[in-house]
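Here the structure is laid out as structure tokens; the discussion comes afterwards.
Atoms considered below: every heavy atom in the structure, side chains included; atoms not considered: hydrogens, waters and symmetry mates. Order of listing sets the numbers, starting from 1, for every ligand and every atom in it.
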Amino acid sequence: MDQQTQATKFEVEKIRRDFPILNRKVNGYPLVYFDNAATSQTPRQVIDTIVDYYSNYNANIHRGVHALSQEATDKYEQARQKVQKHFNAVKSYEIIFTSGTTHGINLVASGFAAELQKGDEILVSAMEHHSNIVPWQMLAQKTGAILKVIPMDEKGELIFSEFEKLVSSKTKLIFVNHVSNALGTVNPVKEIISLAHENGAAVLVDGAQAAPHIKADVQDLDADFYVASAHKMCGPTGVGMLYGKEKWLNKLPPYQGGGEMIATVTFEKTTYADLPHKFEAGTPNICGGIAFGAAIDYMEKIGFDTIAAYEHELLEYATIKLKEIDGMKIYGEAAEKTAVISFNIEGLHPYDIGTLLDKMGIAVRTGHHCAQPVMDFFKIPGTVRASFAFYNTFEEIDRFVEGVKKAKMMLQ
Ligand SMILES: *Cc1c(COP(=O)(O)O)cnc(C)c1O
């Protein structure tokens with residue numbers, strides 16, 4: 001492939017050998033996995049970490065004096081430090097292990113109930129995932145705060161001048177995703193945070209879709225909160241991270257009560273444990289946390305700059321090829337976007353295209369992508385979404401584009 005010679009010196013075939021699932025066939029064809037924005041695939045190094053945990057040192061953490069418990073505790077806390085270093089938090093206890101992005105957002109939303117008063121304003125962007133809309137609606141209902149929306153334009157970019165008009169001393173909290181899962185838009189979160197802070201508002205950044213592609217630096221961004229899920233960055237499901245500035249984590253009340261999160265308990269009064277344990281009630285996903293650390297090691301070894309450069313070439317190549325198809329409409333053409341292509345073909349239903357692609361062994365997502373307001377903006381019920389990862393190839397894109405053409409012929 002001539003495209004591959006243009007690509008960065010990226011040994012994609014070698015990398016693909018790390019992912020056992022990429023060898024399998026689906027409906028008689030070698031799998032083409034283009035649903036990475038929903039969940040990423042898992043390399044052998046992460047799978048081995050999970051097998052090693054259950055084979056060699058499975059034990060409950062932070063309480064046992066015995067060897068296995070101490071080993072598991074050490075590995076779990078080392079994983080927290082890996083997450084801390086990766087996102088560049090000042091302290092490791094500013095990293096709370098969660099069950100995923102949704103959990104992290106709900107933890108913050110619940111904690112903010114005591115901080116908000118009737119008439120306070122909270123801002124959310126027009127391109128959020130449902131998990132970064134619904135918890136804030138619930139919070140607004142509970143507190144009487146007013147939820148306002150930062151609008152976007154036809155290209156799928158937030159309108160910054162409208163944001164400047166919306167933000168004021170009444171604004172207490174702002175929620176915005178770093179990257180939109182429906183459109184791939186990279187949002188100017190650093191600028192948003194800077195203006196928010198000038199007005200005294202805190203910002204939670206939903207990094208679920210950014211984390212697989214961009215190495216976010218929470219200190220550089222000056223984010224108050226940053227959340228992500230391991231399963232979108234080569235880790236297992238059921239584990240994620242919440243970064244919070246120490247001052248906020250100390251201020252917010254615990255989300256759940258239980259074991260691990262207490263200092264002392266009597267029937268009259270309980271005092272809470274220090275960070276991060278205050279927010280980690282009960283036995284956590286120990287193996288998941290350790291495997292999350294292994295996933296970060298794996299991706300960092302390849303290098304996030306290398307990953308981003310290669311994925312960008314995949315994105316450009318696929319965009320050009322898809323645009324050659326008659327009736328093709330791509331949603332989300334922001335100047336800065338990650339390797340996500342949301343599209344429709346005139347007169348065809350996205351679900352039908354997705355179903356036919358699956359028959360050819362090609363996995364894409366169809367529907368509203370948990371972002372119904374984005375679909376409403378474009379006045380469509382949904383899209384077909386192809387999202388790429390660093391283990392995808394130009395050949396797979398050729399097969400995908402041929403598949404879309406074939407589906408179009410069959411459906412018209
Ligand atoms: C996937 C995703 C979420 C939800 O993540 P979970 O792992 O399901 O909790 C939230 N926001 C964005 C932008 C996402 O892509």
Quick one: side chains of residues 177-189, donor-acceptor pairs under 3.5 Å with protein atoms, not counting sequence neighbours, listed by atom name and distance.
residue : atom : partner : partner atom : Å
Asn177  : OD1  : Asn187  : ND2          : 3.0
Asn177  : ND2  : Met127  : O            : 2.9
His178  : ND1  : Tyr226  : OH           : 2.7
Ser180  : OG   : Ala182  : N            : 3.2
Ser180  : OG   : Leu183  : N            : 2.9
Asn181  : ND2  : His369  : O            : 2.9
Thr185  : OG1  : Gly156  : O            : 2.7
Asn187  : ND2  : Asn177  : O            : 2.9

For residues 193-204, which residue pairs qualify under side chain to side chain donor-acceptor pair (under 3.5 Å), counting only residues two or more places apart or in two chains? His197-Asp222, His197-Asp224

Per the under 4.0 Å non-hydrogen criterion, ligand 1 touches Thr101, Thr102, His129, Ser131, Asn181, Asp206, Ala208, Gln209, Ser229, His231, Lys232

Qualifying side chain to side chain donor-acceptor pair (under 3.5 Å) pairs, either residue in residues 146-160, two or more places apart: Glu121-Lys148

Compute whether any side-chain donor of one residue and acceptor of the other, for Gln84 and Tyr93, lie under 3.5 angstrom apart. no

Any side-chain donor-acceptor pair under 3.5 Å between Thr319 and Glu316? no

On the 0 to 90° scale, with breaks at 30° and 60°, tag the His130-His368 ring pair as parallel, tilted or perpendicular. tilted

